[in-house]
Each structure stands twice: as C-alpha cells, then as structure tokens.
Amino acid sequence: MSKAIRIHANGGPEVLTYEDADPGQPGSGQILVRHTAIGLNFIDVYHRSGLYPPPGGFPLIPGSEAAGVVLEVGQDVDWLKPGDRIAYAVTTGAYAQERVIDASKVVKVPDGISDEQAAAMMLKGMTAEYLLRRTFKVKEGDTILFHAAAGGVGLILGQWAKHLGATVIGTASSADKIELAKAHGFDHVINYKEQDFVAGVAAITGGRKCDVVFDSVGNDTFPASLDCLKPLGMFVSFGQSSGPIPPFSMSLLAQKGSLFATRPTLFVYNAKREDLDASAAALFEVVLSGAVEIKINQRYALKDAGKAHQDLEGRRTTGTTVLVP
C-alpha cells in the first residue's frame, strides 16, 4: 500500500500523520505517478497551520511540488507514457509515495536535471521566473532587494537576477546565511538582526534605493520595505512567513513615492498551459546553462515531514529541501 502524509485538522507539525493512502487509478486526462522526490515549501506550513484554508477541506495531503515517474496513463493523454520523468508545482497532494494527477499540471523533466533538483526547484524556480521576468521585468542596471536571501526562492532568484545584470541586495539573519546568499548571486547581504535594512539599502545604493523589493516575509518587513524603493518603484509581496501584512491605506503608496504594489501568486501566473510550459522551459534552460545552480541542502524521509516543518519554521534550513518517499 502506498503511504502519504495526511492532515486531519490544523495545528503544529504533530498533525502531520504518516498513513496508508490508495492513490486510485488515473481517469481521463490523468496519470498515476510514483514520486521520487518531494519539495518542501512554506506554503505547506500555511496549509498545515490554517493560515491558508485547506483546498478541498480535510483530510488533506499537503505538498505543492514533486518529481517522479509515470506509472500509468489515463485516456486522452497522448504525450506521456509509463517511464517518463515528470515534475510539477500545484496546490496540494505531493506528500505521498504515489498520486493521481491531471496530466495538464505536469511537465517533462529534461536530461541533465535530476529528480531531486526538479522536485526542489519547480515551485521555487518558477516563482523566481515570474517574479523576475513577468511581475517586474528585471534588466541590466536595475537594483533589487530580496528578503530571506538564503531561502529556497532567494538562492535561485539571486543567481538569476545576477545573470540578468541586476545589482542584487538581500537580507538574512546570520553570518552563515549571508555567506550562502553571496555565493548565489547576491552582491550585498544585510544582517537584519544587526542592522536596520532600510539604512543598509540607503548606504549600499548611495541613497538611490531600489527599483523593486521582493518580499516573502510579510508582517516583519512591512512597511519598511516601502522605504527601500525609489519613486515609482514596485513592492512585490509574494509570501508572509512572519504573518500577513496588516491592512493599510493606499495613500501610503503615494506618500512614499507613488509606488506600485502587487500580491502575485504562481498559480495565477501559470494558470494557462502555455504559461506553465514557457515558465518551466525558461527555468530548465537557465539551470542547464549553468547560470543557476540547484543544490539540495537538506533531505528528510517523507515519514519525518513533521521534523522538516519544525526545522523550516525554526529557520534551521537554507535553500532547497526535499522529502524522500
């Protein structure tokens, strides 16, 4: 019998239970996949804790990205066959040894990219792709600020932004994380526990500030992030690891320089199949070229998902983490 992690009620890491889970058979337009590696992301914590409502209710199998091998193909799927390597980033259901999934949600993994790399980079890497190439089109000469520089998205985005010719500033919480970020494209990294990052950005830029701030931290970095922007700069809030940003008056954006603000999500940006294909292709290309390196910094057995969540929430992980079924 296939195994999976299920949540029957919101709570701490202890609510993640390792149980038997029959994936069923693929229907029309679906495939049965055996996972070889599963990505760990903060959105998994949000679903577990209740910050985000569980899609479809309880019980819930969490997890938003994985890689694996096609075992069976349902009717009306003519572009995949058993044995094909695939990866995906969807809403939930990845914390399982096997699952049935819509073929429209997966992409083939090219040679040269391992299953662990694919599982670790689909959600984070395609997030970096849409942030850099679609939400704010970063170009040579731009200056960007990225919070949580040593996190999974940060280590990918830092390399990619540097490849695009930007000056890349980050924030991190320790000397080790600062060195890690600097090894992954960041030109400057501010220890936000020791220095006010607004002052740090002003010093680094000579008072010119940044064209865009990418902020996945939320409550702890707002509204200070706005003070790091040039007039007409863009504030991109794409996560809330420290809690949600409190409601604020739109006039605040006017006061701080006629700023733009957006709250994007990957699932909207890649809702159309053509956008998913283009996003994955751009990610695979930049990794295969060597411009972006995907390293796996932590591995946990799937049954130890609770420990993985504890370490993620406790800021004891860096970069990418995978669960091994």
Side-chain angles (χ1 to χ4, degrees), residues 39-44 64-65 67 87-90 107 109-110 113 116-140 142-172 177 180-187 189 210-218 225 234-241 262-271 275-297 317-322:
L40 178 72
N41 296 281
F42 247 105
I43 194 172
D44 308 346
S64 299
E65 68 178 341
Y88 63 81
V90 295
V107 297
V109 178
I113 293 177
E116 284 196 347
Q117 286 178 312
M121 76 181 188
M122 293 305 294
L123 190 147
K124 291 175 279 287
M126 290 194 297
T127 295
E129 183 278 324
Y130 85 75
L131 291 174
L132 290 172
R133 299 174 75 243
R134 289 184 279 167
T135 303
F136 184 95
K137 296 181 180 180
V138 172
K139 61 186 183 302
E140 186 172 0
D142 285 343
T143 300
I144 75 173
L145 173 64
F146 188 93
H147 291 299
V153 177
L155 296 186
I156 296 173
L157 185 141
Q159 297 176 79
W160 204 333
K162 193 62 183 175
H163 176 63
L164 294 172
T167 296
V168 192
I169 305 171
T171 64
K177 289 184 176 182
L180 184 64
K182 286 183 175 179
H184 288 78
F186 285 85
D187 298 289
V189 186
C210 301
D211 298 280
V212 60
V213 173
F214 297 111
D215 190 339
S216 65
V217 176
S225 286
M234 179 178 284
F235 173 64
V236 182
S237 171
F238 70 100
Q240 48 199 37
S241 61
T262 183
R263 179 58 173 91
T265 68
L266 173 65
F267 305 115
V268 172
Y269 270 80
N270 281 359
D275 292 328
L276 171 62
D277 285 339
S279 182
L283 174 61
F284 291 147
E285 180 183 2
V286 80
V287 172
L288 289 170
S289 75
V292 172
E293 185 177 5
I294 305 296
K295 294 180 180 178
I296 312 302
N297 289 358
T317 66
T318 58
T320 55
T321 301
V322 296

Leu155 CG to Thr320 OG1 distance, which is reported to the nearest 0.5 Å:
7.5 Å
Is there a side-chain contact between Glu129 and Val286 (heavy atoms, below 4.5 Å)?
no
Determine whether a donor-acceptor pair (N or O, by modelled atom type, separation under 3.5 Å) exists between the side chain of Gln159 and the backbone of Gly185.
no
To the nearest 0.5 Å, what is the distance between OH (Tyr130) and CZ (Phe238)?
7.0 Å
Does some side-chain heavy atom of Lys295 sit less than 4.5 Å from a side-chain heavy atom of His184?
yes
Output the distance between atom OG1 (Thr127) and atom CD1 (Ile156), rounded to the nearest 0.5 Å.
8.5 Å
Closest heavy-atom contact between Ala280 and Met122?
CB-CE, 4.4 Å
Determine whether Ser237 and Thr262 satisfy the following criterion, side chain to side chain contact (heavy atoms under 4.5 Å, CB included), listing intermediate values before the conclusion.
CA-CA 6 Å; Ser237 171; Thr262 183; over 6 Å; no
Does Arg133 form a side chain to side chain contact (heavy atoms under 4.5 Å, CB included) with Trp160? I'd like the steps, not just the answer.
CA-CA 10 Å; Arg133 299 174 75 243; Trp160 204 333; 3.8 Å; yes
I need the Phe186 CZ to Leu157 CG distance, nearest 0.5 Å.
6.5 Å
Restricting to pairs with a member in residues 144-158, which pass side chain to side chain donor-acceptor pair (under 3.5 Å), not counting sequence neighbours?
His147-Thr171, His147-Ser225
Just by distance, no angles: are the side chains of Asn41 and Ser64 close enough, under 3.5 Å, to form a donor-acceptor pair?
no
Quick test of your reading: applying side chain to side chain donor-acceptor pair (under 3.5 Å), list the pairs with at least one residue in residues 285-294, sequence neighbours left out, ordered by first then second residue.
none
Which heavy atom of Leu266 sits nearest to which heavy atom of Ala89, and what is that distance?
CD2-CB, 4.2 Å
Look at the side chain of Arg263 and the backbone N and O of Val236, then say whether any donor-acceptor pair between them is shorter than 3.5 Å.
no
Return the set of residues passing side chain to side chain contact (heavy atoms under 4.5 Å, CB included) with Ala150 (not counting sequence neighbours), or none when no residue passes.
Lys177, Leu180
Minimum heavy-atom separation for Tyr269 and Pro264, please, with both atom names.
CE1-CB, 3.4 Å
Rounded to the nearest 0.5 Å, what separates atom CD in Glu140 from atom CG in Leu164?
9.5 Å
Between Lys124 and Glu65, does the side chain to side chain contact (heavy atoms under 4.5 Å, CB included) criterion hold? Intermediate values first, please.
CA-CA 9 Å; Lys124 291 175 279 287; Glu65 68 178 341; 2.8 Å; yes
Sorted by chain and residue number, the side chain to side chain contact (heavy atoms under 4.5 Å, CB included) partners of Leu276 (sequence neighbours excluded) come out as Val107, Met126, Asn270, Arg273
Can you check whether Asp275's main-chain N or O pairs, donor with acceptor, with Ser279's side chain at less than 3.5 Å?
no
List the steps, then state whether side chain to side chain contact (heavy atoms under 4.5 Å, CB included) holds for Phe214 with Ile144.
CA-CA 8 Å; Phe214 297 111; Ile144 75 173; 4.2 Å; yes
Please answer whether the main-chain N or O of Gly218 pairs with a side-chain N or O of Asp215 as donor and acceptor at a distance below 3.5 Å.
yes
Considering all heavy atoms, the nearest Ala161-Leu132 contact:
N-CD1, 3.8 Å
Hits for side chain to side chain contact (heavy atoms under 4.5 Å, CB included) against Thr143, two or more places apart or cross-chain, chain-then-number order -> Thr167, Ile169, Thr205, Cys210, Asp211
Are any of the side-chain heavy atoms of Val292 and His163 separated by less than 4.5 Å?
no
Check Val109 against Ala118 and note the closest heavy-atom contact, atom names and distance.
CG2-CB, 4.0 Å
If you round to the nearest 0.5 Å, how far is OG of Ser216 from CZ of Phe42?
8.5 Å
How would you list, by chain and number, every residue that makes a side chain to side chain contact (heavy atoms under 4.5 Å, CB included) with Pro110, sequence neighbours excluded?
Ile113, Phe284, Leu288
Where do Ala166 and Asp187 come nearest, in terms of heavy atoms and distance?
O-OD2, 3.8 Å
